[in-house]
J.: 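Quick one: structure below, then a few questions.
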Protein chains: 2
Amino acid sequence: MPRAGLDAEVVTEAGATLADEIGIGQLSMSILATRLGVKTPSLYKHVDGLGALTHRIAVLGATEAGDAVEEAVRGRSGVEALAAATQALRGYVRRHPGRYAATTGARPTGDDDPLGPALARPIASLAVVLQDYGLEPDEEIHALRMVRSMVHGFATIEDTGGFQWAADVDESFTWMIDFLDHGLRGRHDLHLP
Amino acid sequence: MPRAGLDAEVVTEAGATLADEIGIGQLSMSILATRLGVKTPSLYKHVDGLGALTHRIAVLGATEAGDAVEEAVRGRSGVEALAAATQALRGYVRRHPGRYAATTGARPTGDDDPLGPALARPIASLAVVLQDYGLEPDEEIHALRMVRSMVHGFATIEDTGGFQWAADVDESFTWMIDFLDHGLRGRHDLHLP
DNA sequence: TGGGGTGGCTAATGCCATTAGCCTTAAGCT
DNA sequence: AGCTTAAGGCTAATGGCATTAGCCACCCCA
């Protein structure tokens, strides 16, 4: 009987893809094992149970999302950076809803857990984008939380099919970014002498 | 052996409360049965399984959230209505995270499913609030989606403990509402002759 | 060539959801 | 009051899942 050639990375990647297809909540060791052409207990040679698997998927998702945002922002500034960053995040959620869902709700288990830094990266990239607007220091955190909330909320509602009417969702998103940009630039002007 | 005095409402309410405590994902028929002092199969006399139970919790949550927003808005207008509505929604999520989580992801199963109207109510209330800003008709849907996304995103991030730094979360929320109000009023002025 | 670890497997346990079928209770009717 | 009946408990049984223990073949390397 030939080996299946699995390791922790392959299993995690396959689990992530499966989660994207059926939802992180439906992910099970047995379905994943079937998908990989292996019996369920074999997965335990590579991954420490379902909990550990979803944790790994969360790290993967956060890392990939961070990569996507960073790449989108590279070489841009101002509204363009804001639009690119938020669209990159939203696009990642659309392409990988299961991985993204794994990141929400996941909490680092300790100081050496790679999940902590991984989760921080997309947020940090957004923070950099917002610095272009020259906000007051105590406003930066509020603006960051706002943008995070907006993109996260929009993407998750979109993912669950929560937007009902026929109005174009893409258009709503760009309108929202425009709204943000205007408001943030207004604040900046507010603080000029 | 005396009867436990259960019916569908009591079971749903108890399930909702349990979901608020341990999370909708951890809700199980067996824990709920134990909580109600009854054996698991007895619950099936009142509720058609775990899926049906969470569906009922979703209807309950959406209805309660709708009530909360409607009451908050009553007698107010403008920013005050916007602040009251969004704070009411956020407050509901804080008080009843399990019920709210049940509403997200739940989809009506048919035209006679009470979930549809229940989910629509909080959104409709928000739409009414936004009408005070006298937006252009084609902008209304974008603004509504934006506000929904923002509040939903903020509340869910807050619920999962996603806001890290010590900065006051209440302050961020009121800052965000203020930002919205300014932007929305600005749009209105934009469209005056 | 001959270990030894790696990575499969089967078997077994225990929890959970769900269904079937029994039996008591309580409510209502005569 | 006594009888009937349905509602609402229960036990028993099934099947899916996660997880663990322990077995065994394969492959790499000495």
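In what follows, chains are A, B, ... by sequence order, proteins preceding strands, each numbered from 1.
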J.: Within the structure, does a side-chain N or O atom of A/His46 lie under 4.0 Å from either OP1 or OP2 of C/dG8?
T.: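 So the side chain of A/His46 is within the cut-off, an N or O lying under 4.0 Å from OP1 or OP2 of C/dG8.
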J.: Just compare D/dA18, C/dC16, C/dC9 and give me whichever is closest to any side-chain atom of A/Val38.
T.: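 Nearest to the side chain of A/Val38 among the choices is C/dC9.
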J.: Find which nucleotide of DNA chain D each of A/Ile31 and A/Asp48 is nearest to by heavy atoms, and output the residue with the more 5' nucleotide.
T.: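 Counting from the 5' end, the first nearest nucleotide belongs to A/Ile31.
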J.: In terms of side-chain heavy atoms of B/Met29, which of D/dG22, C/dT18, C/dT10 is nearest?
T.: C/dT18
J.: Just to confirm, is there a sub-4.0 Å distance from OP1 or OP2 of C/dC16 to any side-chain nitrogen or oxygen of B/Thr40?
T.: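 No, no such contact exists.
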J.: Could you work out which one of D/dG22, D/dT11, D/dA18 sits closest to the side chain of A/Ser28?
T.: D/dA18
J.: Atom CG of A/Leu50 and atom P of C/dC16: how far apart are they, to the nearest Å?
T.: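 Whole-Å distance recorded here is 15 Å.
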J.: Output the rounded distance in Å from CG (B/Leu53) to P (C/dC16).
T.: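 Whole-Å distance recorded here is 16 Å.
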J.: Is there side-chain contact between A/Ile31 and A/Leu27, with at least one heavy-atom pair below 4.5 Å?
T.: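 No. Closest side-chain heavy atoms not under 4.5 Å.
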J.: Using a heavy-atom cut-off of under 4.0 Å over every strand shown, decide if B/Gly5 touches base, sugar-phosphate, or nothing.
T.: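 Sugar-phosphate contact only - B/Gly5 comes under 4.0 Å of backbone atoms but never of a base.
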J.: Tell me whether A/Glu64 is salt-bridged to A/Arg121, with the criterion being a basic N under 4.0 Å from an acidic carboxylate O.
T.: no
J.: Which listed nucleotide (C/dC9, D/dC10, D/dA18) is nearest to the side chain of B/Ser42?
T.: D/dC10
J.: Using atom NZ of A/Lys39 as one end and atom P of C/dT10 as the other, report the distance to the nearest whole Å.
T.: 5 Å
J.: For the side chain of A/Tyr44, starting at C-beta, report the closest nucleotide among C/dC9, D/dC10, D/dA18.
T.: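 The listed nucleotide nearest to A/Tyr44's side chain is D/dA18.
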J.: Given B/Met29 and B/Leu53, is the side chain to side chain contact (heavy atoms under 4.5 Å, CB included) satisfied, shown in steps?
T.: CA-CA 9 Å; B/Met29 296 295 272; B/Leu53 175 63; 4.2 Å; yes
J.: Starting at CD of A/Gln26 and ending at C1' of D/dC17, how long is that distance when rounded to a whole Å?
T.: 13 Å
J.: How many Å lie between CG on A/Leu43 and P on D/dA18, as a whole number?
T.: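 That distance rounds to 9 Å.
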J.: Salt bridge check: are B/Asp170 and B/Arg90 linked by an N-O gap of less than 4.0 Å?
T.: yes
J.: Over how many whole Å does the gap from A/Asp7 atom CG to C/dG7 atom P extend?
T.: 8 Å
J.: Look at A/Arg56 together with A/Glu13 and state whether they make a salt bridge at an N to O cut-off of under 4.0 Å.
T.: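 No.
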J.: Rounded to whole angstroms, how far apart are CG on B/Leu32 and P on C/dC15?
T.: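 Result: 19 Å.
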J.: Whole angstroms only, please: what is the CG-C1' distance between A/Leu27 and D/dC17?
T.: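 Checked: the CG to C1' distance equals 12 Å.
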